[in-house]
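Down below is the structure, laid out as structure tokens.
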There are 2 protein chains.
Amino acid sequence: MHTLERSRLRGVSGTETDCAACPGSRRCWGDNLAAEAVYARREPPLERGARLIEQGQQPALYIVATGCLVLRVSLPDGSQRVVGLRLPGELVGLESYARGEQAYTAQAATASAVCRLRLPAPGAGGAHGALLERLLMKSAAQPERASAPWAGLPAVERVAAFIENYTQRAQLSGREDPFKLPLTRADIGSYLGLAPETVVRALGHLSQAQRLAVRGRTVRLGGPA
Amino acid sequence: MHTLERSRLRGVSGTETDCAACPGSRRCWGDNLAAEAVYARREPPLERGARLIEQGQQPALYIVATGCLVLRVSLPDGSQRVVGLRLPGELVGLESYARGEQAYTAQAATASAVCRLRLPAPGAGGAHGALLERLLMKSAAQPERASAPWAGLPAVERVAAFIENYTQRAQLSGREDPFKLPLTRADIGSYLGLAPETVVRALGHLSQAQRLAVRGRTVRLGGPA
DNA sequence: CGGCCACTTGAAAACCTTCAACCTATGTGG
DNA sequence: CCACATAGGTTGAAGGTTTTCAAGTGGCCG
């Protein structure tokens, strides 16, 4: 059954076809792919180790048909980290539409096959409601996101990353420079997976290294400016 | 400006209004909220410490207008962990639609105000394309996922959580019991923030504790069944 | 003023990483 | 078919970081 399915899938590679005609459709879209047709283009099969997308490339959305993809990000310091796994039925590259570019590199961990989805042009509105709804549900259900950029880093860096992320978002939401943390050290620790005491010491180090100024819950960035 | 905005917002609390009429609309929906109207209902203001949603409740989607919410999950062992923060313009509760129930408890970290969004009924299709598209973009951009359930846990538990999550997804995608990990120990370590050697030793411990059987890249669950 | 809670600081213990060596499987060329 | 090369995997010991435990400080509110 598995091999049969695979060969039938390979048969339509390269053409854009209705997902309803695909034997693996249930895995991708669930049981009732009724009302509105979803069209996808089967891409050429990926050998183990082949790259589907490269970090920084232009947005594109895929759904895994068979195999398994590993998602990696390259950090500014040159190191790489695995940030996710995608199995059949899961989405690859959705984040790229929000960012304007691919957030990670996707590489086949085993021989894999994927289909490319065409996302309706932004602002087109109206049509494709069902597709969008399904994508939304899928993305909200996707077990782990291009995830914790800080796991495994030393505690000081985790806290620094948290503060940076927080201040960026706080600015976006219209707050001004001396930011006030709404969380206790215990909450920050719970979020980062650190003991409260460790958060205190980390903030102390960052303060001493002039990377920021902390007094109580008030933080001010004093970056390498 | 801030206080003016807040008072105007409070004025419409309880009624479902067009977001375009809201002075804070740009923060929630960006610059051009043109084509299609989005309607939201302003909820009564939340005092510091008040709960907006409770883990396990029925699905509901909110967008933060002012203040800040903390997201927490209660783990089976009774402990709690912070899994996210939501600032103005960010979404709360989207995951609930995929899961059928709220994934976390949301509590006001500071006095806050939120609007409730009405998500088009599943399967309604057609209309609301713009709303869905915006939600999709927002959710894909949402900085941290509502889960890195393993951060801060001992290495053994992190690896166990990874294997469990992987096998669940592998089953969903149609794989059978002796699962084959597509990743090297180094990749698993990179994903979990652990050294490869630590992954090896953790797998050893899990194996010895009968929690699973590992041989090379083949794992079989041997849970507390 | 007293109590509570968050925050801070110090020292010992536990844990994880690093380093270095060795082992095993797989695949290639002879 | 074997020899070798390579990549992944495993194991042990030393060293560094983080957690834990314990005690003490500071602010806020009844």
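A quick note: this is a predicted structure, and the numbers were derived from the prediction, not measured. Residue numbers begin at 1 in each chain, while the letters A, B, ... track the order of the sequences.
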From the candidates D:dT20, C:dC16, C:dC7, the one with an atom nearest any side-chain atom of B:Thr198 is C:dC16
B:Leu192 CG to C:dC16 C1', in whole Å, measures 14 Å
Could you check if a side-chain atom of A:Leu181 sits within less than 4.5 angstrom of a side-chain atom of A:Ile163, using non-hydrogen atoms only?
yes
Exercise. So, does B:Thr218 use its side chain to make a donor-acceptor pair with the main chain of B:Gly216 at under 3.5 Å?
Worked result: no
message = Just to be sure I understand the rule, does A:Gly193 reach a base, reach only the sugar-phosphate, or reach nothing, if contact means heavy atoms closer than 4.0 Å?
response = sugar-phosphate
Terminal axes of the helix from C:dC1-D:dG30 to C:dA21-D:dT10 (5 end pairs apiece), angle rounded to 10 degrees, sit apart by 30°
To the nearest angstrom, the NZ-C1' distance between B:Lys180 and D:dG9 comes to 15 Å
Of the candidates D:dG8, D:dT18, C:dC16, the side chain of B:Leu194 sits closest to C:dC16
Would you say B:Arg86's side chain and B:Leu91's backbone share a donor-acceptor pair under 3.5 angstrom?
yes
Taking C:dC7, D:dT11, C:dG10 as options, the one with an atom nearest any side-chain atom of A:Arg185 is C:dC7
Closest to the side chain of B:Pro154, out of D:dA22, C:dC16, C:dC7, is C:dC16
Atom CG of A:Leu183 and atom C1' of C:dC5 are separated, to the nearest Å, by 16 Å
Here the distance between atom P of C:dC15 and atom CD of B:Glu197, to the nearest Å, is 18 Å
note: A:His205, atom NE2; D:dT17, atom C1'; distance rounded to Å ~ 11 Å
Indicate, yes or no, whether a donor-acceptor pair under 3.5 Å links the base of D:dG12 to the side chain of B:Arg201. yes
B:Ala195 has its side chain closest, among C:dT17, D:dT19, D:dC21, to C:dT17
Q. Do B:Arg217 and C:dT24 have a side chain to base donor-acceptor pair shorter than 3.5 Å?
A. no
Tell me, do B:Leu85 and A:Phe162 make a side-chain contact under 4.5 Å, heavy atoms counted? yes
query: Do B:Arg42 and B:Thr17 touch side chain to side chain, with heavy atoms closer than 4.5 Å?
result: no
Against the side chain of B:Ala155, the closest entry in D:dT18, C:dT9, C:dC16 is C:dC16
| Under 3.5 Å donor-acceptor, A:Gln102 side chain and A:Ala60 backbone | yes
Taken to the nearest whole Å, CZ/A:Arg48 to P/D:dG8 is 8 Å
- prompt: Would you call A:Arg217 and A:Arg185 a side-chain contact if the rule is heavy atoms closer than 4.5 Å?
  reply: yes
A:Arg215 CZ to D:dG26 P, in whole Å, measures 15 Å
note: A:Asp187, atom CG; C:dC7, atom P; distance rounded to Å ~ 9 Å
